[in-house]
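Everything below concerns the one structure shown next.
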Amino acid sequence: MAKPRIAVFSGPTSTIANAPTLVTSRKARLPGDRPLEGRYDHLVAQTLYEPVTVRVRKYSAHPLEADAKQLYVDDGREYYEVELRPEDGPYLLPYMGRRADGTQHGVPFEEADLYDPALAYGGRQFFYPDASRIFEEIDRTVSGRDDYGEGSILDRMADYTFVRALPPGGYTQQGEVSGVDYFPYKPFAVSHQPPPGALARVTNAVRETLSPGGYAGAIWLEGSPTVEETLYWLSIVAGTDLPVVGLAAQRPHGQLANDGDRNIVDAVSYIVSGLGQGMGAVGILDQQIFAARELKKGDARPGGYKATGGHGGVLGTIGPPVTLWYAPTYKRGAGSDVRLDLVSEVHETEAGLIHVRDGDGALLPTAIPYVHIVKSGGYMSVDSSGNPDAEVDIIARIEKSVSDRRSADSLVPKLHGFVMEGLNPYGVGTESQMRALRLAAFHGIPTVTVGRADPGGRVPQRPGDVFVQGSNLDANKARLLLMASLLKLGPLPLAKDPRNPTSRERSATLAKVEQYQAIFETH
């Protein structure tokens, strides 16, 4: 019977798709080189150049093998003889590479190279350009056998298509550029985060891959601090009811106690179980299944993920068997009201047309809205009179938004918004902040209000106000939903004099805010 096929997307800054530094082995070090301490040399998965026959000492795989030697076939030899071939796949072997420095033998590669600007911060990459090598090494049991002591755990469950949607590693010899084509975080001195327009690249890659059909689901690999945001975006915008699973790791592939390899195997188990159909995007981390809307990283350790919102978010466990205990009630996947196929190709505004999708229906990178997060706290009032002009950061953002919308430059984002992360659960900031954000509304810029940090309840309704209440979303998830809503609904109406809107202009703004509110009530 044919195996299911799963699309595996490589996303940015992903520790799960990273490996420890390739440090020159003890066997490749020369007198005068820095010695490596400890009993044993480290080993790295590598491919043989040619076949080789080796002799393996019998009863050396476990301390108690010899205790049961009567169970073994005795051929009179103290060893097994086996031919190893390149086509077998990677074997764990000493790493023999040395850095060229103009001398005959060069110098050892070291972790310290990554911090040395004179060496171009090492000049090498350890993020994988796609996940195919990681899957191969898991199957080869380089990272561990399954519960039954066997390998090929991933290959036995499914076939895979590997897609470089927004990868963390790139082919520089083919012209790829860090920060443009791929997005690593290490070496730290040359790390890059993707810009807002990269969300269009993500959306289009996922939709183009999955839309022809033939897939049982998809896996998305990304850095643990941001995977929760991309997952929620895919859940509301990608428009698929196939299971989409986001994965991250706290330790690189191949490092002691790395958690990412297990998360990969668990994600495949979840997809092939069939239980994820229609559940929306989820994160599978440390054998828990998190709804994308509620997933949040709390700490940089295995087990450091949690559900926000105060009312659940852990949908199930991997087990075995894979078990779903709860299902979300909000809109997601093919039922989302902000999925891409419901988004108009263009919005008409007083400043001109805002193009959102191209003629083929793909999302334009230039259309991705810029939404700024404003945070409030105690003792933050800068003006006892509540003067909005005292909020220089908000006023500057308003002016920038108006300038961008009127700009003839097609690369400048035309859609803007604010998220106010205010007091729990009310979502309010200081008087001057709220007055400045009301001013933003009549400049055509919507604001969503949410509670601080990890809200435990919904923002109360305030009928007649120009703000969108953000339910129990945290600021980052509210930002993404506002971005998706802006793509669908366009900006708020612009008042002729935003500081003194007419009653008709206020009514028009409130009517548009209601459309935004309807989305935030159901997603």
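Remark: the T317 side chain and the Q287 side chain contain no N/O donor-acceptor pair separated by less than 3.5 Å. For the residue pair N204 and R357, no side-chain donor N or O sits within less than 3.5 Å of a side-chain acceptor on the partner.
Taking the six-membered ring for Trp, Y182 and Y171 have ring centres at least 6.0 Å apart.
F109 and Y95 have tilted rings, their planes meeting at an angle from 30° to 60° on a 0 to 90° scale. In this structure, H253 and Y128 have perpendicular ring planes: the angle between them is above 60°, well past the 30° mark. Ring planes of Y160 and F135: perpendicular class, angle over 60° (limits at 30 and 60°).
Nearest heavy atom pair, residue E294 against residue G312, reads CG-O, 3.5 Å. Of all heavy-atom pairs spanning Y215 and A7, the tightest one is CD2-N, 3.6 Å. Looking at every heavy atom in both residues, G151 comes nearest to T141 through CA-CG2, 3.3 Å.
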Decide yes or no on salt bridge (charged side-chain N to carboxylate O under 4.0 Å, His left out) for K297 and E228, but give the supporting numbers first.
-> CA-CA 8 Å; K297 179 182 178 181; E228 61 198 60; over 6 Å; no

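No option in L486, I354, D404 other than D404 meets the side-chain contact (heavy atoms from CB on, under 4.5 Å) test with P413.
In terms of modelled atom types and a separation under 3.5 Å, the side chain of T103 and the main chain of G106 share a donor-acceptor contact. Without hydrogens or angle criteria, E176 side chain to D181 main chain gives no donor-acceptor distance under 3.5 Å.
Separation of atoms CG (L415) and CD1 (I445) is listed at 11.0 Å; rounding is to 0.5 Å.
Within 6.0 Å of NZ in K400 there are 12 or fewer heavy atoms belonging to other residues, nucleotides or ligands.
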